[in-house]
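First comes the structure, then the notes that go with it.
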Amino acid sequence: MIRWGYPCENVTLDASTNHTLQLRNAREERIREKFEQNLRDLWRMLEWNVQQGIALFRIGQHLVPFASHPSFPYDWYAAHADALRSVGEFAREHGLRLSMHPSQYVNVGSPHAEVVERSLAELRYSARVLEALGLPDCVLIVHLGGVYEGHASTGRRLVQHLRGEEQILRWLALEHDERLWSLRQVLPVAEQLGVPVIVDNLHHRLNPDGLTLREAVRLGISTWNGRRPKLHLSSQEEGKRPGAHAGRICPEDLHELLDALDGAEVDIMVEAKDKELAVLPLLGRS
DNA sequence: TACGGTCAAGGTAGT
DNA sequence: ACTACCTTGACCGTA
């Protein structure tokens, strides 16, 4: 049985975990309001997901807006951990799996110390959210970011910067991308860190690096070491930049991935502009 | 209330 | 050297 999910927003409910504000307005009171709004919407979406049989959900990075910013004004963990633990209890009761996925600004392999520090701050924030949920199977997904003087030295630096960050590594999974880091290039980095890899069908099509999707899926799944593997599924938006997400999943892409999976028990995050609407037709498939 | 300019952050690619 | 683009549009001042 495959479990499905979608990221951050639900267009049916008009709900989102990414309500935010501009930095110049980021005073404690306003941030708390945004968090409460994100939390309310998160509850609405998770309850709806349970009704629909959707087990996966990605929490947006703006859950606590500017939580990783140096000028953040209060102890968000102390203030919000109880509320997050309640969400985690609900997720546990209903067998939901939650994840987070920071943006391209996270660049742990950067040669610039300030960039690395900001990146780690964002990852530590994300890891603390997952810790507060109190669930065993959350995932924190990141791309490898830029390539500076080559993959080898960038990868070495990334491993160096994350080594010892046990609170992050506990949740971390690395994802390949459609231009700079192929699955083959990500695998050794992930192995050195002892973290699994997310395979994404569209990234792989645009940057296969000599592997078939079936081979990529097999390699990716093997990095999960008995934990339930997680993958991404999306379709190309025709006429837009390669890699741009379409509103829905086209049947060919679905079947190609299901075929490559060869019956494996996995979780699949659907990345589509229409969010949950792209997931509903897939439920019960596999 | 609707509109349009603006928003923390890094890096790549195209001009 | 400059700009558009990217995860994900949401916010906010102004009319």
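Lettering of chains follows the sequences in order, A, B, ..., and the numbering in each one begins at 1. Everything quoted here is computed from the prediction, not taken from an experiment.
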Inset, instruction - Let me have a per-nucleotide readout for nucleotides 6-15 of chain B, 5' to 3', with B, S or -, counting only protein heavy atoms under 4.0 Å. - result: BSBBBSSS--
Legend entry - Derivation of the salt bridge (charged side-chain N to carboxylate O under 4.0 Å, His left out) call for Arg97(A) and Asp267(A): CA-CA 9 Å; Arg97(A) 191 181 200 184; Asp267(A) 291 337; 2.7 Å; yes
For nucleotides [N] and [M], find the distance between their [atom1] atoms and express it as a whole number of Å.
N	M	atom1	answer
dT12(B)	dT7(C)	C1'	16 Å
dA8(B)	dC12(C)	P	10 Å
dC6(C)	dA10(C)	P	16 Å
dT8(C)	dC3(B)	P	27 Å

Pairwise ring pair (Phe, Tyr, Trp, His ring centres under 6.0 Å) hits with a residue in [range], at least two apart:
range	value
residues 174-198 of chain A	His151(A)-Trp181(A), His176(A)-His203(A)
residues 9-60 of chain A	Tyr6(A)-Phe57(A), Phe35(A)-His80(A), Trp43(A)-Phe90(A)
residues 223-254 of chain A	none

Gap between atoms [atom1] and [atom2], on [X] and [N] respectively (whole Å):
X	N	atom1	atom2	value
Arg27(A)	dC12(C)	CZ	P	13 Å
Leu63(A)	dT8(C)	CG	C1'	14 Å
Met269(A)	dT8(C)	CE	C1'	13 Å
Leu202(A)	dT7(C)	CG	C1'	14 Å
Asn10(A)	dT8(C)	CG	P	15 Å
Lys273(A)	dT8(C)	NZ	C1'	12 Å
Glu237(A)	dT8(C)	CD	P	14 Å
His19(A)	dG9(C)	NE2	C1'	11 Å

Inset, instruction - Enumerate the residues from residues 44-52 of chain A whose closest heavy atom to DNA chain C is under 4.0 Å, giving them by residue number; use none for an empty result. - result: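 Contacts with DNA chain C under 4.0 Å: none.
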Legend entry - Proximity to DNA chain C (any heavy atom under 4.0 Å), residues of residues 29-41 of chain A only: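 Hits under 4.0 Å, by residue number: Arg30(A), Lys34(A).
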Inset, instruction - Determine, stepwise, if the pair Glu271(A) / Arg58(A) fulfils salt bridge (charged side-chain N to carboxylate O under 4.0 Å, His left out). - result: CA-CA 10 Å; Glu271(A) 297 186 315; Arg58(A) 179 190 301 166; 2.7 Å; yes
Legend entry - Minimum heavy-atom distance between Gly88(A) and Leu135(A), given as atom pair plus value: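 Taking every non-hydrogen atom into account, O-CD2, 3.2 Å.
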Inset, instruction - Have a look at His245(A) and say if it touches a base, only the backbone sugar-phosphate, or nothing, with a 4.0 Å heavy-atom cut-off. - result: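 Result for His245(A) = sugar-phosphate.
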Legend entry - Residues forming a side chain to side chain donor-acceptor pair (under 3.5 Å) with Gln51(A), sequence neighbours excluded: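 Result, side chain to side chain donor-acceptor pair (under 3.5 Å) vs Gln51(A): none returned.
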Inset, instruction - Quick one: list whatever passes side chain to side chain donor-acceptor pair (under 3.5 Å) with Ser103(A), sequence neighbours left out. - result: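 Side chain to side chain donor-acceptor pair (under 3.5 Å) list for Ser103(A), sorted by chain: empty.
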Inset, instruction - Identify, with sequence neighbours excluded, every residue that meets side-chain contact (heavy atoms from CB on, under 4.5 Å) alongside Asp259(A). - result: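 Counting only residues at least two positions away or on another chain, Asp259(A) forms a side-chain contact (heavy atoms from CB on, under 4.5 Å) with Arg214(A).
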Legend entry - Helical stems, DNA chain B - three or more consecutive Watson-Crick or G-U wobble pairs below 3.5 Å: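 The stems are B:1-7 with C:9-15, B:10-15 with C:1-6.
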Looking at [Y] and [X], is any side-chain nitrogen of the basic one under 4.0 Å from a carboxylate oxygen of the acidic one?
X	Y	value
Arg27(A)	Glu33(A)	no
Glu178(A)	Arg205(A)	no
Glu237(A)	Lys273(A)	yes

Inset, instruction - Any side chain to side chain donor-acceptor pair (under 3.5 Å) involving residues 158-169 of chain A? Give me the pairs, sequence neighbours left out, ordered by first then second residue. - result: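 Counting only pairs at least two positions apart or across chains, the side chain to side chain donor-acceptor pair (under 3.5 Å) contacts touching residues 158-169 of chain A are Arg124(A)-Glu165(A).
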Legend entry - Pairs flagged by side chain to side chain donor-acceptor pair (under 3.5 Å) wherever residues 84-96 of chain A is involved - sequence neighbours left out: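 Matches after skipping sequence neighbours: Asp82(A)-Arg85(A).
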Inset, instruction - Examine dC12(C): is either OP1 or OP2 under 4.0 Å from a nitrogen or oxygen in the side chain of Asn25(A)? Give yes or no. - result: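 So the side chain of Asn25(A) is within the cut-off, an N or O lying under 4.0 Å from OP1 or OP2 of dC12(C).
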